[in-house]
J.: 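Following this message is one structure expressed as structure tokens.
Positions are given from 1, in the same order as the sequence printed here. Computed from a prediction, not measured in an experiment: that's the story for all the values here.
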Amino acid sequence: MHAPQQKKTAGKPIWPRIPAPFVRAMLAGHSALGLAFAALIYLVCFSGAVAVFTNEFNRWEQPTAPVLHSVTPAAVGAAFDEVLAKNPKAHDLFIRMPEPAVPRLSVHGDDAKGGEHTWFADASGKIVAEQRTPFSAFQAKLHTTLHLPGSWGFFLVGLTGVALLSSLVSGVLSHPRVFKDAFAFRWGGSKRLQEADLHNRISVWGLPFHVVVSLTGAFLGLSVLIVGVLAMVVFDGNREKVFALFSGPAVADDPRPAPVVDVAKGLSVLQARHPEAGFNYIFVEHPGETGQHMSINRVTPGKLSRGEMFIVDGNARVLGEAGFESGNVGMAIYASLTPLHFGWFGGWPVKVAYFLLGLGLTAVTASGVAIWLARRRDKSRPAPRWERVWVAFCWSQPLAYGVAAMVALLAPGAPPVAVWGGVTLLASASAFLWTPQVISIRLRLASAVSLVLVALVHLGLNTGRSVDPVAWIMDASLVLGAVLLAASVKLTKTPTAA
């Protein structure tokens, strides 16, 4: 956030308790942090706003899969058995059961050649189709790891969350009247001041949300680093012992052959104990071995938690639970991080609110850099090339996402990340062709066209075949987004409006 000059009354500052040098230092730190991480913060915020609807995009991308609002343990067991039969030597399988956000039954496993697959099953547990949702996987991975290898992506995203949180704190401290002026606008004067006010107001209005997503994002992204430090300090570098703290009762690894675990029986036992809860996934490890076991996750209605995980052995005996909900306060906080970060609680109203607030945070990031560039121009130190590059990069993202989604629908074998990267580079290259205002207008219009085309292509491919109503909601939302983008072009009057 950017602090206006302090007003004075009778020669004395209104806020004498906050020394001016401290405010200037905070503003300098705020600007430095924002500029150093500007592109990463913008990308993480934009991709995060889209990632709120990851489950909905998953359903939209393959709307022909069976929609199941409930499923019997026998059906779950049948689906597991059929997928295991494709590769009896599979190391583990992941079963996802229907829940309100994703009303589908699916099983993830690998084939005999080591390739990973996810299959959809119907209400009886019969496998009916293989999941092919490249765009959904692309946009989720872009937000969580930036498609970087290993743990580097998680670490960089977590570091970006730390930078964003620090920028929020320094922004508040650099503006002593930040809350008193929460609804103050200076209209009719300098365009830069108008934009600075809008930047500050959006920052303040969404401050609780901004703090929550940046803090939880930092924890989730830096979890690998946290685990490494904890392992060195407490367990002599043994990371497995750290992970065991979150895994519930341990089951000894025993590779001797044994009858395959009865998934249906294990699920039935837990459902009888917790009839009020919903079970959303089962992770089966080492099937067909003496040391096989299941981790079954239970979702408790009304709790802000990713659920409680129960460990069930190969004989369908419940060994205990991980303690995400029944453990200490720290475990409860850890279990709440993911739903709190992505807005995966409270249904559609919360998701829409998270999406809009995420776009607001994206706009705050974009306008912060634009204001800094405008201030340089006012001080006769313009950076016109960087102005064009920044505008081009910001407006490249909706276009890159739209084109990546369209290619994923028409050519599922093409890697969406390559399409997204290519479109981002081409759109950013417009910085060498046009003025910032022209760049902003043309990329917005191109993005609007791409979103409409995505909706039309999706309708053309699935009309008469779709069984999931969410598909039509998402298509309508894409068209609405296109209309809003096109309408926003009329608001562009100056280069700094981007």
J.: Would you check if the distance from the ring center of Y354 to the ring center of F342 is below 6.0 Å?
T.: no

J.: If you compare all heavy atoms of P287 against all heavy atoms of L84, which two are closest, and at what distance to 0.1 Å?
T.: CG-CD1, 4.0 Å

J.: For the residue pair W420 and Q397, confirm or rule out a side-chain donor-acceptor distance under 3.5 Å.
T.: yes

J.: At their closest point, which heavy atom of A404 faces which heavy atom of F135, and how far apart are they?
T.: C-CD1, 4.1 Å

J.: For the residue pair S447 and L485, what are the closest heavy atoms and their distance?
T.: CB-CD1, 3.8 Å

J.: Establish, for the pair R104 and F120, whether the NZ or CZ atom is under 6.0 angstrom from the six-membered ring centre and no further than 45 degrees off its axis.
T.: yes

J.: Hey, could you give me the OG/CD1 distance between S247 and I311, rounded to the nearest 0.5 Å?
T.: 7.0 Å

J.: So that I can tick it off, tell me whether K351 and E56 are bridged by a salt bridge, with the cut-off set at under 4.0 angstrom between side-chain N and carboxylate O.
T.: yes

J.: Would R59 and F57 satisfy side-chain contact (heavy atoms from CB on, under 4.5 Å), going step by step from the backbone distance to the final call?
T.: CA-CA 5 Å; R59 297 168 62 180; F57 272 114; over 6 Å; no

J.: Before we go on, tell me: are the rings of Y401 and F46 under 6.0 Å apart, centre to centre?
T.: yes

J.: Determine the minimum heavy-atom distance between A49 and F355, stating which atoms define it.
T.: O-CD1, 3.2 Å

J.: Looking only at heavy atoms, which two atoms of M294 and V284 are closest? And how far apart?
T.: CG-CG2, 3.9 Å

J.: Can you confirm if the aromatic rings of H108 and F283 lie within a centre distance of less than 6.0 Å?
T.: no

J.: Ion pair present between D122 and K126, side-chain N to carboxylate O less than 4.0 angstrom?
T.: no

J.: Yes or no on ring pair (Phe, Tyr, Trp, His ring centres under 6.0 Å) for F324 and F310, after CA distance, side-chain angles and deciding distance?
T.: CA-CA 10 Å; F324 292 122; F310 295 86; over 10 Å; no

J.: If every non-hydrogen atom of F345 is compared with every non-hydrogen atom of V350, which pair is closest and at what distance?
T.: O-CB, 3.0 Å

J.: Does a side-chain N-to-carboxylate-O contact under 4.0 Å join E130 and R132?
T.: yes

J.: Apply the side-chain hydrogen bond (donor to acceptor under 3.5 Å, both in side chains) test between R298 and each candidate in E276, E308, E325; give the one that qualifies.
T.: E325

J.: Please report the C-alpha distance between W60 and V454 in whole Å, then the side-chain angles of each, then the deciding distance to 0.1 Å, and finally whether the side-chain contact (heavy atoms from CB on, under 4.5 Å) criterion is met.
T.: CA-CA 11 Å; W60 166 86; V454 169; 3.7 Å; yes

J.: Is the F138-H147 ring centre distance short of 6.0 angstrom?
T.: yes

J.: Go through it in stages, so that I can follow the logic: the residues are T54 and Q139, the test is side-chain contact (heavy atoms from CB on, under 4.5 Å), and I'd like the CA-CA distance, side-chain angles, deciding distance and then a yes or no.
T.: CA-CA 8 Å; T54 291; Q139 57 85 20; 3.1 Å; yes

J.: Out of the candidates T160, I41, L165, only one should pair with S214 under the side chain to side chain contact (heavy atoms under 4.5 Å, CB included) rule; please name it.
T.: L165

J.: In terms of side-chain heavy atoms, does H458 have a donor or acceptor partner in D475 at a distance below 3.5 Å?
T.: yes

J.: Would you please test Y42 and C394 for side-chain contact (heavy atoms from CB on, under 4.5 Å) and show each step?
T.: CA-CA 8 Å; Y42 181 89; C394 288; 3.6 Å; yes

